[in-house]
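All remarks here apply to the structure that follows.
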There are 2 protein chains.
Amino acid sequence: MTDKQLRLLKCVADETRFQILLTLKKGERCVCEIMEELGREQSLISHHLRALRKCGLIRRRREGKKIMYRLADPSILGLLADVEKLANKFC
Amino acid sequence: MTDKQLRLLKCVADETRFQILLTLKKGERCVCEIMEELGREQSLISHHLRALRKCGLIRRRREGKKIMYRLADPSILGLLADVEKLANKFC
DNA sequence: GGCTTATATGAACAAAGATTTATATGAATA
DNA sequence: TATTCATATAAATCTTTGTTCATATAAGCC
């Protein structure tokens, strides 16, 4: 278990970040959409998006005034499913 | 993603606890063996063992002066393997 | 260019978690 | 039963992480 792997695990093991990932699972979203969906402050979402980006889980692109976020790669869907499956098995 | 599931994830996403699980993967161990293997303080190990026990990942039994710890259930081996596999896929 | 909208960032603060220190408990043994 | 060995626990402290608040940036529009 490397440092980087541990950081990935910790990154996913946060409620807000996990919810953001679930939102992006449904497709590309801008920050304000994510804020609305989760009902949290803009700045908080922004910080968490940064963290997710730092571990390579999400990507972004600018579209006019907005910045659109998406899962970095479709295999992340698998990660989310697996994490949920694991958790279910033991809870 | 329930609260309990999140707690499980967080529990696994700690270096020391993960190492303890890897140690127990090799078989039942007493606290002093775990301490030695990880080279950490007795009290620290004890705290982490408690946390692991609290999420149901490990069990213990007394044997004379010693207390022996083990994985709660063989399916935890699967959990560890899966977690490592996931991490590898993205790191 | 000044204003607005959308997002990012840095600093301050709060909360949670890990680690250490000191002490307690409980079984074995002299 | 007093001592020792193995482990647990509580409190104190240190560290990390999450949250908020205030401000900056960058694009589009008037």
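Every heavy atom of this structure was used, including side-chain atoms; hydrogens, water molecules and symmetry mates were not.
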Give a yes/no answer on whether the side chain of Arg60(A) brings an N or O atom under 4.0 Å of OP1 or OP2 in dT7(C). no
So do Phe18(A) and Leu80(A) actually touch side chain to side chain, heavy atoms under 4.5 Å? yes
Rounded to whole angstroms, how far apart are CG on Leu38(B) and C1' on dT7(D)? 16 Å
Between Arg17(B) and dA18(C), is there a side-chain N or O to OP1/OP2 distance below 4.0 Å? yes
To the nearest Å, give me how far apart NE2 (His48(B)) and C1' (dT20(C)) are. 12 Å
Tell me whether the side-chain N/O atoms of Arg50(B) come closer than 4.0 Å to OP1 or OP2 in dT9(D). yes
Rounded interatomic separation in angstrom, taking CG from Leu49(B) and C1' from dA8(D): 10 Å
Side chain of Lys65(A): nearest nucleotide among dT19(D), dA8(D), dA6(C)? dA6(C)
Taking atom types as they are modelled, would you say the side chain of Ser43(A) forms a donor-acceptor pair with the base of dT7(C) within the 3.5 Å cutoff? no
Is Tyr69(B) near enough to dA6(D) that one of its side-chain N or O atoms lies under 4.0 angstrom from OP1 or OP2? no
Which heavy atom in Gln5(B) sits nearest to a heavy atom in Glu84(A), and how many Å separate them? NE2-O, 4.5 Å
What integer distance in Å separates Phe18(B):CZ from dA18(C):P? 15 Å
His47(B) has a side chain; which of dT7(D), dA8(C), dA10(D) sits nearest to it? dA10(D)
What's the NZ-C1' distance between Lys54(A) and dA8(C), to the nearest Å? 16 Å
Rounded to whole Å, please give me the gap between CD1 in Ile67(B) and P in dT9(D). 9 Å
In terms of side-chain geometry, is the basic nitrogen of Lys26(A) or Glu37(A) positioned less than 4.0 Å from the acidic oxygen of its partner? yes
Under-4.0 Å salt bridge between Glu28(B) and Arg61(B): yes
For atom NZ of Lys10(A) and atom P of dA18(C), their distance in whole Å: 7 Å
Roughly how many Å is it from CD in Glu36(B) to P in dA6(D), rounded to a whole number? 10 Å
Looking at dA6(C), does its base get a donor-acceptor pair with the side chain of Gln42(A) below 3.5 Å? no
What does Leu44(A) touch in the nucleic acid at a heavy-atom separation under 4.0 angstrom: a base, only the sugar-phosphate, or nothing? base
Position toward the 5' end of DNA chain D (nearest nucleotide), Arg62(A) or Arg40(A): Arg40(A)
Return the 5'-most residue of the pair Glu33(A), Glu41(B) with respect to DNA chain C, ranking by each residue's nearest nucleotide. Glu33(A)
Which heavy atom in Arg62(B) sits nearest to a heavy atom in Lys65(B), and how many Å separate them? NH1-O, 3.6 Å
